[in-house]
Number of protein chains: 2
Amino acid sequence: MDPQDPAKAFELSAFTPYLLNLAAETQGEAFSRIYRERYGMLRTEWRVLFHLGRYGALSARDISSRARIHKTKVSRAVEALSRKRFLTREVSEEDRRVEILSLTPAGYRAFTDLSGAAREFEAGLAARLGAEDLALLRRILDRLASA
Amino acid sequence: MDPQDPAKAFELSAFTPYLLNLAAETQGEAFSRIYRERYGMLRTEWRVLFHLGRYGALSARDISSRARIHKTKVSRAVEALSRKRFLTREVSEEDRRVEILSLTPAGYRAFTDLSGAAREFEAGLAARLGAEDLALLRRILDRLASA
DNA sequence: GGATGATAGTTACTTTTGTAACTAACAAGG
DNA sequence: CCTTGTTAGTTACAAAAGTAACTATCATCC
């Protein structure tokens, strides 16, 4: 089949979902190198670690709803972080189905380290794009993420 | 461990790679419903189909480099599209390692249909975000995708 | 024209993710 | 209390993606 008439041709490189995906992959890969190489973590593990470091003890369900991560992914990330001795689990007194997750000192150190790395990463983006464009980008992404 | 001092706390919701990923997932999921439900395609298949529809006959290698998709993913997508009778493969005369891929009429119809759907999708985004913000978004994403 | 190295594409193997079913615990109504 | 329905979390199974090794072909250069 011959290519489509260029006049009415649709450009994939101007299709926003495609661009979003490319940008997310490129940037996500760049940052993932850090937590992967330093702590052998996967993305979901980094996010779970982050939520516990940022907000204190939470249940898996809390993390799942706050971070918009499916509960099976959370379950596996918790298991992995627990094996790494980055968090401890304790059955809740009020509801024995619930496990309260807390970072260990080692987990908290990893959190602090990675938070710093994330801040630097973000500063690098600000330097590249300019603070205004970056702020605008985040504002738009935030709208796109919710719909 | 207690949560970090809020004053110096790092917000994941203001971390660009995270926002990029959320937005890409949300929007990608919304559009993928279309090619998944209409043609049972995966994302890589849609991209391969698109490249063949847009640019005419190409080799798997061409698609791989143009679309930035790893060759094993292209190989599997080509296999799937071939099973669906959306493309044909023909060994090149000049180089018998190369297969020239071309859309069948059915493949081309799917391409035309999905291109239209993509255009509509993009128009919906323009309506939601405003044409200027969308254009700016695409410009920024383009820069982020390349580094 | 045979050895060496590169390239196109596939296959095998492993890791990760998605989906569904499951267990255990709770809650509420009769 | 005992049924019915719901929720927290895990596990089992299937689909998808990543990595590495492989086959076949080509190109070069001695």
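Letters A, B, ... are given to chains in the order of the sequence lines, protein chains preceding strands, and every chain is numbered from 1. None of the values given here were measured: they were computed from a predicted structure.
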Take A/Arg76 and B/Val98, find for each the nucleotide of DNA chain C with the closest heavy atom, and name the residue whose nucleotide sits nearer the 5' end.
B/Val98
So B/Lys73, base contact, sugar-phosphate only, or nothing? Heavy-atom distance under 4.0 Å.
sugar-phosphate
Using whole Å, report how far CD1 of B/Ile100 lies from C1' of D/dT25.
15 Å
To the nearest Å, how far apart are B/Arg83 CZ and C/dT10 P?
12 Å
B/Ser75 side chain N/O closer than 4.0 Å to the phosphate oxygens (OP1, OP2) of C/dG9?
no
Sidechain N-carboxylate O distance under 4.0 Å for B/Arg36, B/Glu29:
yes
At 4.0 Å (heavy atoms only), tell me whether A/Glu79 reaches a base, stays on the sugar-phosphate, or touches nothing.
nothing
Checking all strands, does B/Ser64 fall into the base, sugar-phosphate, or nothing category for heavy-atom contacts under 4.0 angstrom?
nothing
Give, for atom CZ of A/Arg138 and atom CG of A/Leu129, the distance between the pair rounded to the nearest 0.5 Å.
10.5 Å
Closest-nucleotide mapping onto DNA chain D: is A/Asp95 or A/Thr72 further toward the 5' terminus? I mean the 5' end.
A/Asp95
Electrostatic pair B/Glu11-A/Arg119, nearest N-O below 4.0 angstrom:
no
What nucleic acid atoms does A/Arg89 come within less than 4.0 Å of, heavy atoms only: base, sugar-phosphate, or nothing?
sugar-phosphate
For B/Arg97 and C/dG5, give me the distance from atom CZ to atom P, rounded to whole Å.
17 Å
Whole angstroms only, please: what is the CZ-P distance between B/Arg96 and D/dT23?
18 Å
Tell me, please, whether A/Tyr55 has A/Arg66 positioned over its six-membered ring: NZ or CZ under 6.0 Å from the ring centre and within 45 degrees of its axis?
yes
Closest to the 5' end of DNA chain C, once A/Lys71 and A/Arg43 are matched to their nearest nucleotides, is A/Arg43
